[in-house]
Amino acid sequence: MNLIDVQPVKFSFFEKPPASSMTQAFVYTNEESHFLVVKNGDRITRSDLRAGKYTKVYSVNMTTLNFHYENEVPSQDRGRHFLVDLSIDYKVVDPISLIQQGAGEIVTYIQKKLPYWLEEITSDYPISEAKRVKRHIEDLHEHSSMVAGLKQVGVAVTDINVLVKQS
């Protein structure tokens, strides 16, 4: 799911610019790369729209979204695998960073990084240690390289739920 939609700014004396909401923010930008964020039910005024010479408006999805992953990952024991059922909740916390990094398609980033991130963890544990693997994955929610990469583009991981079983 794409978190960003971009459109040209349309100025009208008769229509008000759209109002933001708790689930949708608007980021206005002009030719000099100045950004104005409008969120939490606010609306840009027509005079601010004209004065800022904004040319593009980005609509940013601010809801908490979920990514689900279920797959086998190797254990320390050769030929034995853990079955990992993982659910990650995430949301945009900094819409300007998201736009500047061009990171609207977060799901692609997670799909690319997650298998490597999980394999780094699980390959250090024997198959009998499924509960420790689960705790390790949950604890890394705060300080993993994947979560840090998401934070750099303005996205926060709000929750990780994981179930780890022997495959």
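None of these values were measured; they are calculated from a predicted model.
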Participant: Give a yes or no on this: more than 12 heavy atoms of other residues, nucleotides or ligands lie within 6.0 Å of atom CD of E70.
Facilitator: yes

Participant: How are the rings of Y28 and F26 set relative to one another: parallel (under 30°), tilted (30 to 60°) or perpendicular (over 60°)?
Facilitator: tilted

Participant: Between S87 and N161 (side chain of the first, backbone of the second, donor and acceptor by atom type, cut-off under 3.5 Å), is there such a pair?
Facilitator: no

Participant: Under a 3.5 Å distance rule, please check whether T122 uses its side chain to pair with a backbone N or O of P74 as donor and acceptor.
Facilitator: yes

Participant: Taking everything shown except R50 itself, do over 12 heavy atoms lie less than 6.0 Å from its CZ?
Facilitator: no

Participant: Check for me, please, whether V107 and L65 land in the same ILVMFWY cluster - side-chain distances under 4.5 Å, paths through other members count.
Facilitator: yes

Participant: Out of V27, I44, T29, which one pairs with L36 under the side chain to side chain contact (heavy atoms under 4.5 Å, CB included) rule?
Facilitator: I44

Participant: Using side chain to side chain contact (heavy atoms under 4.5 Å, CB included) as the criterion, point out the one residue from I160, L163, V164 that pairs with L86.
Facilitator: I160

Participant: Evaluate I110 against Y90 for side chain to side chain contact (heavy atoms under 4.5 Å, CB included), listing each step before the verdict.
Facilitator: CA-CA 11 Å; I110 295 173; Y90 62 95; 4.3 Å; yes

Participant: Evaluate the side chain to side chain contact (heavy atoms under 4.5 Å, CB included) criterion for residues K16 and R46: first the C-alpha distance (whole Å), next the side-chain angles of each, then the deciding distance (0.1 Å), finally the verdict.
Facilitator: CA-CA 7 Å; K16 289 183 179 179; R46 284 183 218 135; 3.4 Å; yes

Participant: Which value, rounded to the nearest 0.5 Å, describes the distance between H136 atom NE2 and E120 atom CD?
Facilitator: 9.0 Å

Participant: Give the cluster check for V6 versus I99: same hydrophobic cluster or not, with ILVMFWY residues linked at side-chain heavy-atom distances below 4.5 Å.
Facilitator: yes

Participant: Go through the side-chain N and O atoms of S59 and Q24 and say whether any donor and acceptor fall under 3.5 Å apart.
Facilitator: yes

Participant: How far apart are the closest heavy atoms of T64 and K91, and which atoms are they?
Facilitator: OG1-CD, 3.6 Å

Participant: Which is it for V153 and Y109 under the side chain to side chain contact (heavy atoms under 4.5 Å, CB included) test, yes or no, and what are the steps along the way?
Facilitator: CA-CA 11 Å; V153 297; Y109 175 80; over 6 Å; no

